[in-house]
**Q** 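So that we are looking at the same thing, I have put the structure below in structure tokens.
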Amino acid sequence: MANEYTPTQAAKWIAERWEPGLAMAAYEKMKVIPHFKRLKAIGGKVHIMKFANLARNTLADGTAGSALTVSGQTEVEVTALPKTVYVFAEVNLNTIARMMFDPTNDFRRSVEQSLAEGADVEGAKLATDMVTGVVGTNLVNVTEATFRKAISTLAENAKGYFETGETAPSFIAHSRQIDDIMGDPAFTQYQLRGDGTSPLVKGWVLRAHNANFYNSGNIQTTASTRRNMLLIDKLTMAYGYNQPPKVKYEEFQLSKRIIGWFDLAVITQWEQYGIRYDTIDTV
């Protein structure tokens, strides 16, 4: 047909539709600092006073009971300064007036999720502090044999804070390690887990060697190394807000501003009561 209208010829007449709302890009969930001890507001600087072990002495036969050796030590503290992190978005009011919908709620959800991710990233940076117990290298991935070494090292270092078979530490591994953990039969076999749930069905090892497994893209990556963390909850690390994550709105002249922020300090209480599990950062 010579006068047939094709979609190209009738392009100006063809209906177009827009779905309401904005499709947001994904943020990482908060997977690290929920395992930290929550502190009160930390002011301009937070101090945690540490009391070291008291040494034991032996009273030799024939030694007067009034000639004892004092077991006191010079005590120390750990400190941390708060950091303010913010997200600032701004839209002209005339832009909103011309849009099909007000994007304020979509911006708010994105800001909230960005702040949660940002706080978690700050917590994951503390992995650098853990130097007493380090397993793995930046040449390998997670293996069950090295993980057993991590558990035994943690048990040795944490002493009375770690009761074998009872204490359930948290292992927070980078998401890139999922395939390596799931691909090691020593992690997935029933007799190791004893939880009655197949990781091959669930897609994740929830528990092994009495440790709870988590994955997060917030794990620190530095110097070609991913610094996965094995922590004793509420003991190894701590955090405190002067201002918890908060989102506020304000209009200025002909613009609408959405501002989210928090004031946070993260601190390593006892680095020796945690393990840094180093892995390769490329696979």
Side-chain angles (χ1 to χ4, degrees), residues 25-36 113 116-155 157-158 162 167-195 197-233 235-237 266 268 271-283:
Y27 294 95
E28 292 286 348
K29 289 187 175 181
M30 191 178 285
K31 295 284 191 72
V32 178
I33 64 172
H35 303 284
F36 293 10
Q113 293 179 34
E117 180 183 83
D120 218 42
V121 167
E122 293 301 318
K125 291 178 182 178
L126 295 184
T128 304
D129 293 347
M130 294 191 287
V131 295
T132 301
V134 180
V135 301
T137 72
N138 63 357
L139 301 176
V140 298
N141 291 299
V142 171
T143 67
E144 190 269 343
T146 308
F147 186 75
R148 281 189 278 114
K149 177 64 175 177
I151 291 291
S152 62
T153 302
L154 180 60
N157 292 349
F162 190 99
T167 303
S170 296
F171 180 50
I172 312 167
H174 193 278
S175 299
R176 277 293 188 96
Q177 293 299 314
I178 292 176
D179 60 329
D180 303 291
I181 294 171
M182 292 298 300
D184 191 333
F187 278 125
T188 58
Q189 58 187 321
Y190 172 79
Q191 62 267 33
L192 180 70
R193 299 183 339 270
D195 56 14
T197 302
S198 170
L200 300 180
V201 175
K202 296 288 289 185
W204 184 236
V205 176
L206 301 178
R207 192 176 182 85
H209 293 299
N210 207 39
N212 297 307
F213 281 46
Y214 305 89
N215 71 280
S216 173
N218 293 332
I219 286 297
Q220 184 189 52
T221 300
T222 179
S224 302
T225 304
R226 289 202 169 100
R227 305 192 186 281
N228 311 283
M229 307 170 78
L230 181 65
L231 309 174
I232 299 178
D233 283 15
L235 176 66
T236 313
M237 309 292 187
V266 292
T268 301
E271 63 86 13
Q272 62 269 46
Y273 302 155
I275 300 294
R276 195 182 80 211
Y277 194 141
D278 289 348
T279 56
I280 193 169
D281 74 333
T282 56
V283 295

**Q** When you measure from the side chain of D120 to the backbone N and O of I33, does any donor-acceptor pair fall under 3.5 Å?
**A**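 Yes, the answer is positive, given that a donor and an acceptor are paired below the 3.5 Å cut-off.
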**Q** Side chain of T236, backbone of Y273: donor and acceptor closer than 3.5 Å?
**A**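 At least one qualifying donor-acceptor pair exists.
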**Q** Check the angle between the aromatic planes of F171 and Y277 and answer parallel, tilted or perpendicular using the 30° and 60° thresholds.
**A**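 If you compare the ring of F171 with that of Y277, the planes turn out tilted.
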**Q** I need the H209 NE2 to R148 CZ distance, nearest 0.5 Å.
**A**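 If we round to the nearest 0.5 Å, H209:NE2 and R148:CZ are 6.0 Å apart.
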**Q** Looking at residues at least two apart in the chain, or sitting in another chain, which of them share a side-chain contact (heavy atoms from CB on, under 4.5 Å) with D278?
**A**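 Only V134, T225, R227, R276 meet the side-chain contact (heavy atoms from CB on, under 4.5 Å) criterion with D278.
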**Q** Looking at T221, is its backbone amide N or carbonyl O close enough to the side chain of R226 to form a donor-acceptor pair, meaning the two atoms are under 3.5 Å apart?
**A**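 A pair under 3.5 Å: no.
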**Q** So, taking the atom named OG1 in T268 and the one named CZ in F36, what distance separates them when rounded to the nearest 0.5 Å?
**A**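 Output value for this atom pair is 7.5 Å.
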**Q** Quick one: salt bridge (Lys or Arg N to Asp or Glu O under 4.0 Å) pairs with a partner in residues 169-183, sequence neighbours left out?
**A**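 Passing the test, one end in residues 169-183: no pairs.
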**Q** How many angstroms lie between CG in N228 and CG in N141, if you round to the nearest 0.5 Å?
**A**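 Result: 9.5 Å between the selected atoms.
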**Q** Whether the side chain of E271 engages the backbone of T132 through a donor-acceptor N/O pair (distance < 3.5 Å, no angle test) should be reported.
**A**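 Present.
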**Q** Is a side-chain N or O of D184 found less than 3.5 angstrom from the main chain of E144, in a donor-acceptor match?
**A**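 The answer is yes, because a donor-acceptor pair under 3.5 Å joins these two groups.
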**Q** Using modelled atom types only, decide if a donor and an acceptor are shared between the side chain of K125 and the backbone of Q220 within a distance under 3.5 Å.
**A**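 Side chain of K125 to backbone of Q220: no pair is present.
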**Q** Anything under 30° is parallel, anything over 60° is perpendicular, the rest tilted; go ahead and classify F187 against F213.
**A**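 The arrangement is perpendicular - the two ring planes meet at more than 60°.
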**Q** How long is the straight-line distance from CG of L139 back to CD1 of I280, given to the nearest 0.5 Å?
**A**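 Going from the CD1 atom of I280 to the CG atom of L139 covers 6.5 Å.
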**Q** Roughly how far apart are I181 CD1 and N215 CG, rounded to 0.5 Å?
**A**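 Separation between the atoms: 8.0 Å.
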**Q** Looking at CD1 of I232 and NE2 of H35, how far apart are the two atoms once the value is rounded to the nearest 0.5 Å?
**A**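 With rounding to 0.5 Å, CD1 (I232) is 13.5 Å from NE2 (H35).
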